[in-house]
Amino acid sequence: MSITAIRGFNDILPGDTELWRHIERCAWSIFRTCGFGEIRLPIVEKTELFMRSIGETTDIVEKEMYTFADRHGDAITLRPEGTAPAVRAYIEHKLYTAPVTKLYYTGPMFRYERPQKGRYRQFYQIGAEVLGDESPRSDAETLSMLMKFFGTLKIQGATLQINSLGDASCRPAYKEKLYNYLKERAGELCENCVRRIETNPLRALDCKAAGCIEATSSAPSLVDSLCEPCAVHFDRVKYFLKLYGIEPLVNPRMVRGLDYYTRTTFEITADNGLGSQNAVAAGGRYDGLVEELGGPATPCFGFAIGMERLAMLLNREQVAAAPLTVFIALGIDAEKKGVELVSAWREAGIRVVEDFSAGGLKSRMKRADRLGADYAVIVGENELNQGVATVKDMKQATQETVAWDRVADLIKGGK
RNA sequence: GUGGACGUGGCUCAACGGUUAGAGCACUGGACUGUGACUCCGGGGGUUGGGGGUUCGAAUCCCCUCGUCCACCCCA
């Protein structure tokens, strides 16, 4: 075997990029109508940015980051997610001077994990962040935009789960309650969760181990422990989601893996064909992050969509490529004329490639077929003398002879 | 990071430790000198993922390594 791509890093081939472009175009056309502007962010950031935002005891920071020393010895990291860089840019460029900022971005993220279906070391996300809006209506509207996006792509079986993680005024008290509860039940918990009691007790709530599910079944509920403002916020989010026609599933045990989330968190899962990596989009509110990173106190809401997981949910047939025309010149004079004809047809907007191979018309028609041609345009001695081309519809198996300047119209009109 | 399944022409897969590793599809040439898909006939294509070992003999057994997939973990 010669040199291959590194593990977990994949090439995305033309057949797939067609689908990816469709997804990106669709996202962009919907997001922009909701007031989002695109931001292009660096792929590498100072390591410190992620340690301070995502949280030092999270799995991402502890064992999944691609961190290097650059030539000056500074610690830099391939971004494992997009929110922290977006917030960094928001602060750096003082975008907070605007009443609200809505940012959209797309690009690769990097996490050092064992590859699996729907999980790669370089993976792509479409992300969106609303910075500077504390209203629960913002949460609901942004979620509805996301659901509309999935609807436009005709994603089947997507379910929205939401939860509220509370904020700085109610979560610490809840954590304490949960800590004491878990402490008493430590014997029933898995090894991992025993460790979490000290580091991140909330995580024990969404552990899949049977013993842990059993042990936490009567644990104090987060949703019941919210302070008044958080409870009101959560109710309003649910209320407005209903107005948007969205019926979310409240999952009080859903805990996110990043430390910066407050209040609303959510996850969209799809069951068809994604295996155990079935979350296609997730996100939530992070009201403390901007301030944490040195900006003014700014309430925010954002989400990220997993591109390859989303692409797996779509069937290629739904994304029709533009019809392809293959031009076949027979004889040296036709080849000469072809230079002019092909560029004129391209100018007219049709997608045309020329078959430069030698050989009989039969083998060249066969090549055209294999290239996936919708039309074959043939110009040989006969056509050349009369200023016409033979245009064959490969799918219908019909053909007609038309003047050169009518070829593009015929092809565009057909189909 | 842990556990498991699997790596054989471009693709899907055969081959009890025993001739020269096969088939279908794909490719290519011809039957058919300017018309693809169907048919028929011919042809090319393999360091059996890589390395080491056991054996008279390894695709097959053993060890290591790389990769893919699945699950755990975690997440998008």
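On a predicted model such as this, the values are computed, not experimentally measured, just so you know.
- Between the P atom of rU35(B) and the NZ atom of Lys395(A) lies a distance of 20 Å, rounded to the nearest Å.
- The distance between atom CE of Met254(A) and atom P of rC75(B), rounded to the nearest whole Å, is 12 Å.
- As rounded to whole Å, 14 Å separates atom P of rA76(B) from atom CD of Gln161(A).
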Quiz: residues 23-39 of chain A side-chain donor-acceptor pairs under 3.5 angstrom, not counting sequence neighbours:
{"from": "Ser29(A)", "atom 1": "OG", "to": "Cys26(A)", "atom 2": "O", "distance (Å)": "3.2"}
{"from": "Thr33(A)", "atom 1": "OG1", "to": "Ile30(A)", "atom 2": "O", "distance (Å)": "2.6"}
{"from": "Glu38(A)", "atom 1": "OE2", "to": "Arg40(A)", "atom 2": "NE", "distance (Å)": "3.3"}

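- The nucleotide whose nearest atom lies closest to any side-chain atom of Glu383(A) is, among rG36(B), rG34(B), rC73(B), rG34(B).
- Atom CZ in Arg256(A) sits roughly 5 Å away from atom P in rA76(B) (whole-Å rounding).
- For Lys362(A) and rG34(B), a side-chain-to-base donor-acceptor distance below 3.5 Å is absent, hydrogens and geometry of angles not being considered.
- Side-chain N or O atoms of Thr262(A) include one that pairs as donor or acceptor with a backbone N or O of Asp287(A) at under 3.5 Å.
- Counting atom types as modelled, Glu64(A) pairs no side-chain N or O with a base atom of rG1(B) as donor and acceptor under 3.5 Å.
- At least one side-chain nitrogen or oxygen of Arg370(A) sits closer than 4.0 Å to the OP1 or OP2 atom of rU28(B).
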Fill in: Watson-Crick or G-U pairs under 3.5 Å in RNA chain B, rendered as dot-bracket with [ ] for crossing pairs and | for another strand
(((((((..((((....[...)))).(((((.......))))).....(((((..]....))))))))))))....
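- Whole-Å rounding puts the Tyr112(A) OH to rU2(B) P distance at 11 Å.
- None of Leu410(A), Thr325(A), Ile378(A) except one satisfies the side chain to side chain contact (heavy atoms under 4.5 Å, CB included) rule with Val391(A); the exception is Leu410(A).
- Along RNA chain B, the nucleotide nearest to Arg111(A) and the one nearest to Met394(A) differ in position, and the one closer to the 5' end is contacted by Met394(A).
- Under a 3.5 Å cut-off, the side chain of Glu340(A) and the backbone N or O of Lys337(A) do not form any donor-acceptor pair.
- Rounded to a whole Å, the CG atom of Asp369(A) is 12 Å from the P atom of rA26(B).
- rG7(B) and rG51(B) have their C1' atoms separated by 15 Å, given to the nearest Å.
- At rA71(B), none of the side-chain N or O atoms of Arg114(A) fall inside 4.0 Å of OP1 or OP2 (strictly under the cut-off).
- Here rA76(B) presents its P atom at 12 Å from CZ of Arg119(A), a figure rounded to the nearest Å.
- Within 6.0 Å of CZ on Arg21(A) lie no more than 12 heavy atoms contributed by other residues, nucleotides or ligands.
- Nearer to the 5' terminus of RNA chain B, by closest-nucleotide assignment, is the contact made by Ile6(A) (compared with the other of Ile6(A) and Gly283(A)).
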